[in-house]
Amino acid sequence: MKTVSIRKHRNKNDYGNGIFRNQTWNSFFMDSVGKEVVLYGAGVACEQFLSEHGNRIKANTILDSDGKRAGKYIRGLEIKSVEWIKNYDFDKTIFLITSVEHDDEIGEYLEECGAKYIYSVYAIVSKEYKGLFKQIRDFFFEYHYGLFSNHNLLYNYLIFPVMAFFRIVHFPPAYLPYKDLEQYRGLHKGKRCFVVATGPSLRKDDLERLRLNQEICFSMNSIMNLYDEVQWRPDYYVIEDPKFLDFFDWNDPQYDLDNVCTEASFLTYMYREKCRKFSKVHFYPISFLNHLHDEEAKDLRYSDNIIWGYYCAYTVTTICMQIAHYMGFSEIYLLGTDCNYSRPEKHFSKERDDFIYTEDRAKRIHDNLLRGYAFIGSNIMKDGTRIYNATRGGELEVFERVDFDEVLGK
């Protein structure tokens, strides 16, 4: 899908200004008379919405930008590729966006395609809250999951450092859940490793060469979508995103976290309950600072000890770099770190490229990535550790460039 250029990116706290202004369920039902109802977005929010309101909203189908979801069903509704939109008569079709985080951007996209009736579930629901109740909801949404959750300022700036101190001094209740991480301290001292990101420049042939060369590798997130096409597997697998596992199909063998890598997986601690059944999985503490609810946040902090915990620096790749540093690697090579979110292809796989980034948002993501890489990289290299960028192309220029073929001795 092409990147949509939006004149003004709306803040979620506006609750649907512009094309979503003054939307209510009453206006939706009035506009939907005699029209085909099409949902946009086949994610977790859509499934939850249909489970609660499916009997009331008589939808005909679901559109989604992820082509791999096409042909599947959610509660009896077929998911179709977004390319199907050209088959609709916009005078007789009403679109209801179920995405929470991207409704404004999707709405602009549908509007550019010619759609006339576009509603957002999030915009409608948010207007149902009035006075004090609405203010409370605004506050809870902005700080993600509530005042005392693990994703807000109270936790990230107060509770996290206090618990980190207790972990460092080996206070049993705080330390024991993470004691298993100690075994990796200095494990690969003096060796080199490759951190394989999921940018569109990643080549299957390069992964096979890493395998044949017996290189130690880290990778992340959606890398397993390549496993049907390559024999290579990373030694270590890492997830930082607190929502990433929502995209896992737990009935699919490729998402077996004991088989996603050869040695060990490292997941943020909030996955402990869901993933404790996997024997190769370790959990690490993390503070997201204020990054989860403010894309323009510039606060960055550094830790060189996984027991203390790490700080979000906008990308899971920097977490991989820090774990590699903790393990003692003296040379870290980056591969597939394109850092370009203004192009339609953001990853080697289209699995999660259904996000439509505005030009402004793509620039914010790009600038945050470069800032995070530069900050974490400069701290890691203070002790002489070297970081090289072996990515083919891309926009990450904060590390010395090296030729991947030459590094592997082609």
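The analysis underlying the following values was restricted to heavy atoms, covering all of them including side chains, and did not include hydrogens, waters or symmetry mates.
For the atom pair CD1 (I286) and SG (C312), the distance works out to 6.0 Å, reported to the nearest 0.5 Å. Taking CG from L335 and CG from L210, the interatomic distance works out to 6.5 Å, rounded to the nearest 0.5 Å. Annotation: the span from E78 atom CD to Y73 atom OH amounts to 4.0 Å, rounded to 0.5 Å. Taken from CD1 in I74 to CZ in R69, the straight-line distance is 7.5 Å, to the nearest 0.5 Å. A distance of 10.0 Å separates CD in Q322 from SG in C320, rounded to the nearest 0.5 Å. Atoms CZ and CE, on R233 and M224 in that order, are 10.0 Å from each other to the nearest 0.5 Å.
When every heavy atom of W232 is checked against every heavy atom of I223, the shortest pair comes out as CZ3-CG1, 3.7 Å. The two atoms that bring G377 and I387 nearest to each other are CA-CD1, 3.8 Å, heavy atoms only. When all heavy atoms of I62 and G41 are compared, the closest pair comes out as CG2-O, 3.8 Å. Looking at every heavy atom in both residues, Y302 comes nearest to I376 through CD1-CD1, 3.9 Å. Here the closest heavy-atom approach between residue Y175 and residue R167 is recorded as CD1-O, 3.4 Å. Annotation for W308 and F165: closest pair CZ3-N, 3.9 Å, computed over non-hydrogen atoms.
Under the 4.0 Å criterion applied to side-chain N and carboxylate O atoms, D405 and R209 are assigned as salt-bridge partners. The pair D367-R364 does not meet the salt-bridge criterion, since no charged nitrogen lies less than 4.0 angstrom from a carboxylate oxygen. Ion pairing between D206 and K204 fails under the 4.0 Å rule for side-chain N and carboxylate O. With salt bridges taken as basic N to acidic carboxylate O contacts below 4.0 Å, none links K280 and D258. A salt bridge does not link R211 to E215: none of the charged nitrogens lies less than 4.0 Å from a carboxylate oxygen.
In terms of modelled atom types and a separation under 3.5 Å, the side chain of Y237 and the main chain of N221 share a donor-acceptor contact. Side-chain atoms of T24 come within 3.5 Å of backbone atoms of S27 as a donor-acceptor pair (strictly under, hydrogens ignored). Side chain of N389 to main chain of L396: a donor-acceptor pair is present (N/O by atom type, distance under 3.5 Å, no hydrogens or angles). When atom types are taken as modelled, the side chain of T98 and the backbone of Y40 share a donor-acceptor pair closer than 3.5 angstrom. For R401 (side chain) and G393 (main-chain N/O), a donor-acceptor pair under 3.5 Å exists by modelled atom type. Remark: the backbone N or O of F90 is not paired with any side-chain donor or acceptor of T93 at under 3.5 angstrom. Under a 3.5 Å cut-off, the side chain of D235 and the backbone N or O of C217 do form a donor-acceptor pair. Between the side chain of E112 and the main chain of E108, no donor-acceptor pair closer than 3.5 Å is present. A donor-acceptor pair under 3.5 Å is absent between the side-chain atoms of N60 and the main chain of V38, judged by distance alone. Put simply, the side chain of N156 gets close to the backbone of L289: a donor and an acceptor are under 3.5 Å apart.
At least one side-chain heavy atom of E240 sits under 4.5 Å from a side-chain heavy atom of Y284. Looking at F194 and I216, their side chains never come closer than 4.5 Å, going by heavy atoms from C-beta outward. You'll find the side chain of E208 stays beyond 4.5 Å of the side chain of N213, heavy atoms only. Between V196 and P234, the closest side-chain pair of non-hydrogen atoms is not below 4.5 Å. With contacts defined as side-chain heavy-atom distances shorter than 4.5 Å, the pair F160/P285 qualifies. When side chains are defined from C-beta on, D383 counts as touching H325, because their heavy atoms get closer than 4.5 Å. A 4.5 Å side-chain heavy-atom check between L267 and R272 finds every atom pair outside the cut-off. Inter-residue side-chain proximity for Y388 and D403 is flagged as unmet; no heavy-atom pair is nearer than 4.5 Å.
Surrounding CD of Q214 are at most 12 heavy atoms belonging to other residues, nucleotides or ligands under 6.0 Å away.
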For a side chain to side chain contact (heavy atoms under 4.5 Å, CB included) check, start with the C-alpha distance between L110 and I85, then their side-chain angles and the critical distance, and finish with the verdict. CA-CA 9 Å; L110 290 172; I85 195 171; 3.3 Å; yes

Does the pair R185 and E182 meet the rule for a salt bridge (Lys or Arg N to Asp or Glu O under 4.0 Å), with working shown? CA-CA 6 Å; R185 186 193 300 269; E182 296 275 17; 3.0 Å; yes

Worked check of side chain to side chain contact (heavy atoms under 4.5 Å, CB included) between I323 and V238: CA-CA 9 Å; I323 296 176; V238 182; 4.1 Å; yes

Before you tell me yes or no, could you show the steps for T385 and F329 under side chain to side chain contact (heavy atoms under 4.5 Å, CB included), namely the whole-Å CA-CA distance, both residues' side-chain angles and the distance that decides it to 0.1 Å? CA-CA 7 Å; T385 301; F329 289 101; 6.0 Å; no

Would you check, one step at a time, whether the test side chain to side chain contact (heavy atoms under 4.5 Å, CB included) holds for L226 with L202? CA-CA 10 Å; L226 269 180; L202 191 62; 4.2 Å; yes

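Between the side chains of N305 and S303, not a single donor N or O lies within less than 3.5 Å of an accepting N or O. Using modelled atom types, one finds a donor on one side chain and an acceptor on the other under 3.5 Å when comparing T337 with T391.
Under a cutoff of 6.0 Å and an axis angle of 45°, R276 and Y269 do not form a cation-pi pair. Cation-pi geometry between R192 and Y333 is satisfied (NZ or CZ under 6.0 Å from the ring centre, within 45° of the ring normal).
For an aromatic pair to be called close, the ring centres must be under 6.0 Å apart, and H282 with Y184 satisfies this. Under the 6.0 Å cut-off for aromatic ring centres, Y119 and F28 qualify, their centroids lying closer than that.
For the pairing with I97, the side-chain contact (heavy atoms from CB on, under 4.5 Å) check across V121, D104, I106, L63 returns one residue only, I106.
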